[in-house]
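For the numbers below, each heavy atom of this structure counts, side chains included, while hydrogens, waters and symmetry mates do not. Atoms within a ligand are numbered from 1 in the order they appear, just like the ligands themselves.
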Amino acid sequence: MDEKKRILSGIKPSGDLTLGSYMGAIKNWAELADSYDCFYFLADLHAITVRQNPADLRRRTLAQLAQYIACGIDPEKNTIFIQSHVPAHTQLGWVLDCYTMFGELSRMTQFKDKSAKNADNINAGLFTYPSLMAADIILYQADLVPVGEDQKQHVELTRNIVQRFNGVYGETFKMPEPFIPKMGARIMSLQHPENKMSKSETDTGGCICLLDSPDDIRRSFKRAVTDSEMSVRCDPSKPGVSNLMQIYAVCTGKTMDEIEREFDGRGYGEFKEAVGEAVVTLLTPIREEAQRLIADKAYLESVYRAGADKASQVAEKTLRKVYKKVGFVAR
Ligand code: TYM
């Protein structure tokens, strides 16, 4: 029996990976690999709650896998897999749908936001998405779920489902905890710093992707929205500057006080340039390694095949236990 605690997390390949997903999630995944038994997946089942172009979804899923590895998620130490390769996710997802309340799902902020943005496609999958996410977590009996701030509500709902199910059938599932980083849990758009940086942001310049060229990154930071005050200070009334400070802090490991001192008396121009340069330094090796891996289809295939095998073993064990508890006849 492995004594290490278990971690699970995933990202939808519904757009290119962003600096937000990196700082909120992936960076911490890479740091946790040695102390935990980690499962990281590509949430393609979740991606289709919003209409996707099939060829783009396939290409992005593989590119995202390459980027996970380039970010330091070593497939030898972590189990990396594609969600649709492990049917137990949808199988447990259905069971959990029957233990998740309509009212609970109606309260999910992401459902409300996404149905406002996709008014012509408010499908049932968009609504039941959190119970599939709960299945993702529960199948691996995860102790810890490293995510950005926006996913906290879904992990809280998972905890409610665990409590409900265990209450009816006895101890079946581990109670998962969200792991939200102190810095970088909510990276905001560079153009609209009151909104989260998001892959669906069509407005270019507000969102940085891991594969963006250094010139594009520098340009986006140069154009980043600040304020008219001219002081580098972290304050809720200064969302643009505070966001840039946060990004700089994650890149350099400096504290907010250190950053304030570093830019004391210097203009926003210099500050924005320094943040852009820090992001270029952070992302350049990731981009180069990801591009090399994207071209190596055979290697990526070997990673996701091995990942699916390992993940299925764990997931099917949990699923069998659940089927038995709810009263299905064993085949
Ligand atoms: P997704 O694909 O929207 O986002 C992936 C991860 O990146 C984090 N994130 C951010 N963090 C900081 N600042 C931002 N601007 C930012 N944007 C995104 C998200 O919090 C998330 O951790 N439902 C999930 C995917 C999922 C999942 C799971 C996660 C499916 N099943 C099971 C954990 C466990 C989602 O839509 O993430």
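Residue Q110 has no nitrogen or oxygen atom sitting less than 3.5 Å from a nitrogen or oxygen atom of ligand 1, judged on distance alone. Distances between N or O atoms of I137 and those of ligand 1 include no value under 3.5 Å. Residue D136 has at least one N or O atom closer than 3.5 Å to an N or O atom of ligand 1.
Residue contacts with ligand 1, taken as heavy atom pairs separated by less than 4.0 Å, involve F41 solely via side-chain atoms from C-beta onward. Neither the backbone nor the side chain of T18 has a heavy atom within less than 4.0 Å of ligand 1. Within the 4.0 Å heavy-atom criterion, the part of K199 lying near ligand 1 is the side chain and not the backbone. At a heavy-atom cutoff of 4.0 Å, ligand 1 is contacted by the side chain of A25 but not by its backbone.
Residue, atom and distance of the protein heavy atom nearest to atom 25 (C) of ligand 1 are G10 O, 3.5 Å. Looking at atom 23 (N) of ligand 1, its nearest protein heavy atom turns out to be Y129 OH, 2.7 Å. Ranking the protein heavy atoms by distance from atom 19 (C) of ligand 1 puts D150 OD1, 3.2 Å first. In terms of protein heavy-atom proximity, atom 10 (C) of ligand 1 is nearest to G20 O, 3.4 Å. At the shortest separation from atom 15 (N) of ligand 1 among protein heavy atoms lies I187 O, 2.7 Å. Protein heavy atom in closest approach to atom 7 (O) of ligand 1: S21 CA, 3.4 Å.
Of all atoms in ligand 1, listed by their number and element, those nearer than 4.0 Å to a heavy atom of L8 are 32 (C), 34 (C). Interface atoms of ligand 1 facing V145, defined by a heavy-atom separation under 4.0 Å, are 33 (C), 34 (C). For ligand 1 and K12, the ligand atoms under 4.0 Å from any heavy atom of the residue are 1 (P), 2 (O), 3 (O), 35 (C), 36 (O). The contact set between ligand 1 and I11, taken as ligand atoms under 4.0 Å from a residue heavy atom, comprises 2 (O), 5 (C), 6 (C). Close contacts of ligand 1 with A185, meaning ligand atoms under 4.0 Å from a residue heavy atom, involve 11 (N), 12 (C), 13 (N).
Clustering ILVMFWY residues whenever any of their side-chain heavy atoms sit less than 4.5 angstrom apart, transitively, puts V147 in the very cluster that holds L8. Note: the hydrophobic cluster containing L17 also contains V280 (ILVMFWY, side chain heavy atoms under 4.5 Å, direct or indirect links). Transitive grouping of hydrophobic side chains (ILVMFWY, heavy atoms separated by less than 4.5 Å) keeps M188 and M245 in distinct clusters. Tracing side-chain contacts under 4.5 Å through hydrophobic residues (I, L, V, M, F, W, Y), one reaches M23 starting from L190; they form part of the same cluster.
One finds no salt bridge joining E149 and K196 here, because no Lys/Arg side-chain nitrogen approaches an Asp/Glu carboxylate oxygen to under 4.0 Å. Ion pairing between K5 and D37 fails under the 4.0 Å rule for side-chain N and carboxylate O.
Within a 6.0 Å radius of CZ in R59, other residues, nucleotides and ligands contribute more than 12 heavy atoms. The number of heavy atoms from other shown groups lying within 6.0 Å of NZ (K238) is above 12. The environment of K152 atom NZ is sparse: at most 12 non-hydrogen atoms of other residues, nucleotides or ligands sit within 6.0 angstrom.
T18 and S21 are linked by a side-chain donor-acceptor pair at a separation below 3.5 angstrom, with hydrogens and angles left out of the test. Q67 and E289 share no donor-acceptor pair across their side chains, judged by distance under 3.5 Å alone.
Counting heavy atoms only, G148 comes closest to atom 8 (C) of ligand 1 of the residues S198, G184, G148. Across the listed options Q151, M197, R186, Q151 owns the non-hydrogen atom lying nearest to atom 37 (O) of ligand 1.
Ring planes of Y323 and F328: perpendicular class, angle over 60° (limits at 30 and 60°).
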